[in-house]
Amino acid sequence: MAICRIWLYVPASGSQPAIRQKPSLLIVRTTLPASSPEGISYSTAISAIIACPYKLRSGEEARALHKVGEKLALKVDEFLQTGRIKEADDLQHNERYQALKSLMTVHGIGHHTAKELYALGYRSAEDMRKSGKWETEFKYHDDIQLPIPRADVESIAAFVQLQIDRIERGAHICIAGGYRRGKLQSNDVDLLITYPHQDGKERKMLRRLCHRLQAKGLIPPDGILSFSEPATLRTITENKKASSFDSLDKALVVFRHPANGTTRKRDIYRRVDLIFARWPSFGAAVLGWSGSTQFERDLRKHAEKLGYKFDSGGLRVRGTNEVVPTMTEQDVFRALKLKYIPPEFRNADP
DNA sequence: CGGCGTACG
DNA sequence: CGTA
DNA sequence: GCCG
């Protein structure tokens, strides 16, 4: 039963060090594009190994874990015997691997394009910068690589809250993502926004918020990396039942976090995701945006077994597509017959 | 041997 | 394709 | 790569 593994997920803070296996095993995963079936398979197996609550003493023991097969068991054996995994070590020194990794730090460059660029002779993000062909991409690139301390995440959320209040009061903001799982530093800021008990009030709010943030200079003119409002467009154009389908309005932006003179001597550009959710599925939205990726996979799979379809847009009954009201995360866990798992225990990704 | 999340821009 |  |  896959969901059992969820109980073994470890806190990001590492407050249960005994639970962790040696991390060098993780490197194996990076052999493949993480999105490929094999990449996912590796991630899943490695997560299972990391989350295993007792010390593994053999590959055979690892093999007993759900999702760990013969290949990974061999790697565990190799690690236990030699203290390292050759494939992983080699990869670390592999020029192509390092190049691809660097190229993929640029927003909009995935493994596919990275490979093409490599074939063209690019060996790093710096090579791209020097070529002068990606001026836009590099405008915020360096800032965006910087980890975001929790205090800054909170500060950014407060800026956004203030601006939302100036448009329509009563919104509730939840900081999701790694922050919510207790990570001390984040790569980006995921903000989930709803109007409690006021379904529909969130409509068109994303547009208005983005416009306002741009007007205030909190989002630079070219700072909206992607913008989609399927929920708003759907409800306006068709007057269909809310049951049909229901994605979230979201904008991926670059946020200009103003200096405060002490911890931030200068304005820093941060990646912020703004997501508006309807109140009746806010719980699913928060759950869906809190991660980890691995946890979400297990959750979806579990939902499927019970005849539901779960994603950040909501919890629905398979077949009828009927929406199960989930205002809170607890509502989702209840429907899925699971005991509540706090966000800090949803960390499966290393 | 097929499926592995999936919708959007 | 890249992103979440 | 791993599972059903």
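Here the structure is a predicted model, which is why all the values come from computation and not from measurement. The sequence lines fix the lettering, A, B, ..., with proteins before strands; numbering per chain opens at 1.
Both Glu304(A) and Lys250(A) lie close to DNA chain B; mapped to their nearest nucleotides by heavy-atom distance, the more 5′-ward contact belongs to Glu304(A). Toward the 5' end of DNA chain B, the nearer of the two residues Arg300(A) and Glu229(A), judged by each one's closest nucleotide, is Arg300(A).
Here the P atom of nucleotide dC4(B) and the NZ atom of Lys309(A) are 10 Å apart, to the nearest Å. As rounded to whole Å, 17 Å separates atom P of dC1(C) from atom CG of Leu103(A). Atom pair Ile40(A):CD1 and dA4(C):C1' shows a separation of 14 Å (rounding to whole Å applied). As a whole-Å value, the separation of Leu206(A) CG from dG9(B) P is 11 Å. In this structure, Leu225(A) places its CG atom 9 Å from P of dA4(C), rounding to the nearest Å. Atom CZ in Phe310(A) sits about 14 Å away from atom P in dA7(B), given to the nearest Å. Distance, Leu274(A) CG to dA4(C) C1': 13 Å, rounded to whole Å. Separating the CG atom of Leu248(A) from the C1' atom of dT3(C) is a distance of 14 Å, rounded to the nearest angstrom.
Picking from dC2(D), dA4(C), dC3(D) the nucleotide with the shortest atom distance to the side chain of His107(A) gives dA4(C). Among the nucleotides dA4(C), dC3(D), dG2(C), the one closest to the side chain of His66(A) is dC3(D). Considering only side-chain atoms of Arg63(A), the nucleotide from dT6(B), dC3(D), dG5(B) that sits closest is dC3(D). Distances from the side chain of Ser41(A) to the nucleotides dG5(B), dC2(D), dC4(B) place dC2(D) closest. Proximity note for His112(A) (side chain, C-beta onward) versus dG5(B), dT3(C), dC1(C): the nearest is dC1(C). Closest approach to the Arg234(A) side chain among dC8(B), dA4(C), dC1(C) is made by dC8(B) (side chain taken as heavy atoms from C-beta onward). Side-chain atoms of Asp273(A) lie closest to dA4(C) of the nucleotides dA4(C), dT6(B), dG9(B). In the set dC2(D), dG2(C), dA4(C), dC2(D) carries the atom at the smallest distance from any side-chain atom of Leu72(A). Among dA4(C), dG2(C), dC2(D), the nucleotide with an atom closest to any side-chain atom of Asp190(A) is dA4(C). If you check dG5(B), dA7(B), dC1(C) against the side chain of Arg297(A), the one that comes closest is dG5(B).
Of the candidates Thr232(A), Asp249(A), Ile193(A), Ile164(A), Met205(A) forms a side-chain contact (heavy atoms from CB on, under 4.5 Å) with just one, namely Ile164(A).
Of the side-chain N and O atoms in Thr293(A), none sit less than 4.0 angstrom from OP1 or OP2 of dA4(C). Contact between the side-chain N/O atoms of Arg271(A) and the OP1/OP2 oxygens of dA4(C) is found at a separation under 4.0 Å.
For the pair Cys174(A) and Phe282(A), the tightest heavy-atom approach, listed with the atom from each and the gap, is CB-CZ, 4.0 Å.
Looking at heavy-atom distances under 4.0 Å, Ser228(A) makes contact with sugar-phosphate atoms alone, never a base. Across all strands, Ile109(A) comes closer than 4.0 Å only to sugar-phosphate atoms, never to a base (heavy-atom distances). Using a 4.0 Å heavy-atom distance criterion, Glu70(A) is classed as a sugar-phosphate-only contact.
Ring planes of Tyr269(A) and Tyr140(A): tilted class, angle from 30 to 60°.
For His112(A), the side chain to side chain donor-acceptor pair (under 3.5 Å) partners are Glu116(A), not counting sequence neighbours. Under the rule for a side chain to side chain donor-acceptor pair (under 3.5 Å), the partners of Gln145(A) that lie at least two apart in sequence or sit in another chain are His141(A). Residues meeting the side chain to side chain donor-acceptor pair (under 3.5 Å) test with Asp165(A), sequence neighbours left out: none. Partners of Asn94(A) by side chain to side chain donor-acceptor pair (under 3.5 Å), not counting sequence neighbours: none found.
Annotation: salt bridge (charged side-chain N to carboxylate O under 4.0 Å, His left out) contacts involving residues 91-113 of chain A, sequence neighbours excluded, comprise Glu95(A)-Arg123(A).
For the P atoms, the distance from dG4(D) to dG5(B) is 15 Å, rounded to whole Å.
When atom types are taken as modelled, the side chain of Arg180(A) and the backbone of Pro343(A) share no donor-acceptor pair closer than 3.5 angstrom.
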Polar atoms only, N or O, under 3.5 Å: list the protein pairs with nucleotides 1-3 of chain B and their distances.
none

